[in-house]
Amino acid sequence: MKLKLIYVFLCISSMIYGQGSTESTNTHNGEFSFGARTTGSLFSSSGNYFGLGAGGQLRYRLDNQFNTEWFGDWMTTDIGGLGQRFDAHIGETMMLYPFKKVNRKFTFTPYVMGGFCGDYTKTATNLHYDYVKNTYVKESKDRWSFATQLGLGTHYNLTERLDFSFTCQYMIHFGSDIDSEILTNSRNEKYLQIDESNGSALEGHLLLTLSANFVIVDLRKYK
Amino acid sequence: MKKLVTVILLFPLVAIAQDSARFVGKGLICGKGTLAAGIPFGYNETNMYVSGNLEYYCDNNSSYRGGVYIFLGASRPKSDVILTQNSTVFFGYNYHFKTYNHFDPYLGFQPGISWTQLKAPDNLLTANPQFSISKYPSSVSPVASVTLGINYYASKFTHLFIEATYVDGVHVSDISAVSLSELRIAFGFGFNLWLIKGKNKW
């Protein structure tokens with residue numbers, strides 16, 4: 001009985017090893033995938049309010065250990081019920097897989113990612129009473145800027161072609177200042193004030209992205 | 001009585017044993033159209049929608065899906081409703097769990113865009129000045145959603161389904177924001193067709 005068990009154990013081990021070594025020889029370079037994504041934004045200069053966005057992405061795999069992602073996002077953030085912030089990102093990210101075994105079914109594939117993007121940001125206040133103008137007003141300010149981002153992520157492959165990816169990135173914007181702050185007026189009412197200065201500023205926010213991606217085609221086959 | 005219970009318990013096993021081949025797979029296209037109910041978490045009412053979607057099985061366990069929910073109104077007196085518009089377009093993927101019969105349970109992830117608008121109060125004179133000045137603009141709000149559901153492929157061209165979708169988002173305008181978080185429940189029947197020849201296992 002003991003011998004049989006050892007024999008079964010050895011057989012299973014060698015089968016698993018055999019499968020692993022076969023999969024590690026498969027390459028993913030040339031894969032082109034399309035995905036849908038949801039992005040959450042945290043800790044921006046407008047305060048620690050959670051913004052939610054929707055978008056999409058295309059991925060083209062340059063190498064087994066190296067992927068590229070081209071993305072677009074549209075996000076809205078409610079700033080404490082007193083105003084809103086809108087962010088649109090269009091950019092590119094490089095993804096580097098540090099481990100050799102990648103994109104295997106029902107396993108995690110961690111990666112390091114970094115890139116840049118162009119973005120549009122608009123901050124707007126809700127209607128609030130202005131004691132100088134003696135009326136209700138709303139203000140807004142917008143800007144175009146460039147940003148760079150760095151982060152970590154992981155794929156989880158549900159099938160060989162479909163994966164769910166979760167990433168956490170820190171994005172720094174280089175552009176004109178669009179800061180806002182919550183103030184209290186003499187009636188003890190809170191309101192949002194947008195900074196009037198025309199200067200430039202570095203501004204960062206943390207982005208959490210959940211996406212689903214499907215490999216549409218392996219472009220290597222058409223070379 | 002004991003025999004009856006035994007027969008009831010054994011019946012699904014017999015049924016499952018008979019359906020030993022999986023129905024869904026790559027090349028199947030299906031569409032659904034039905035009415036859906038939405039239960040918001042932020043306020044007490046039930047939203048009503050006409051919903052429809054189109055889905056293509058890009059491999060045996062996953063599918064692309066695009067769908068729309070058209071807002072019909074809320075089950076409340078007109079003067080008390082919160083939103084006058086809350087229609088959504090979704091696009092994403094479904095993962096289909098492997099089965100050996102005509103049942104097709106699935107888990108979906110679909111970001112989307114909602115067209116939303118708050119209802120202006122009927123009596124603007126008694127409302128907070130902020131609320132009487134606002135023009136109640138509509139806005140385009142990004143939303144996230146997760147769907148859990150099951151299809152039953154009952155015939156060559158039709159299937160039955162039931163699904164629950166959790167939607168999360170926020171409507172912003174020039175007055176206070178309103179949460180768009182809600183649970184949308186839909187069931188009914190849909191149509192299906194094999195786009196790849198020779199795949200039909202009916």
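Reminder, nothing fancy here: chain letters follow the sequence lines and each chain counts from 1. Only heavy atoms go into these numbers, but all of them, side chains included; no hydrogens, no water, no symmetry mates.
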Of Thr76(A), Asp73(A), Thr38(A), the residue whose pairing with Pro142(B) passes side-chain contact (heavy atoms from CB on, under 4.5 Å): Thr76(A)
Minimum heavy-atom distance Pro111(B)-Ala36(A), with the two atoms named: CD-CB, 3.6 Å
Shortest non-hydrogen contact between Asn94(B) and Leu162(A), atoms and distance: O-CD2, 4.3 Å
Lys119(B) atom NZ: more than 12 heavy-atom contacts under 6.0 Å: yes
Leading residue by heavy atom contact count with chain B [cutoff under 4.5 Å; candidates Thr159(A), Asn213(A), Leu158(A)]: Leu158(A)
Phe86(A), part contacting chain B, at a heavy-atom distance under 4.5 Å: side chain
Under 4.5 Å from any heavy atom of chain A - which part of Val178(B): neither
Aromatic plane relationship, Tyr95(B) with Phe106(A) - under 30° parallel, 30 to 60° tilted, over 60° perpendicular: perpendicular
Tyr166(B) atom OH, neighbour heavy-atom count above 12 within 6.0 Å: yes
Leu210(A) portion near chain B, given a 4.5 angstrom heavy-atom threshold: both
Minimum-distance pair of heavy atoms, taken over all atoms of Asn126(A) and Ser176(B): ND2-N, 3.8 Å
Greatest number of heavy atom pairs closer than 4.5 Å to chain B - which of Arg37(A), Arg161(A), Gln84(A), Met75(A): Gln84(A)
Enclosure of Phe187(B) CZ (heavy-atom neighbours >12, cutoff 6.0 Å): no
Minimum heavy-atom distance Phe214(A)-Ser62(B), with the two atoms named: CE1-OG, 3.4 Å
Heavy-atom pair of closest approach, residues Ala212(A) and Tyr93(B): O-CE1, 3.3 Å
Leu183(A), CG atom: more than 12 neighbouring heavy atoms under 6.0 Å: yes
Residue Ser173(B) versus chain A: region with a heavy atom under 4.5 Å: backbone
Heavy-atom side-chain proximity of Tyr64(B) to Ile216(A) below 4.5 angstrom: yes
Neighbour count above 12 (heavy atom, 6.0 Å) for Glu139(A) CD: yes
Heavy-atom pair of closest approach, residues Leu52(A) and Gly169(B): CD2-CA, 3.7 Å
Electrostatic pair Asp174(B):Lys138(A) at N-O distance under 4.0 angstrom: yes
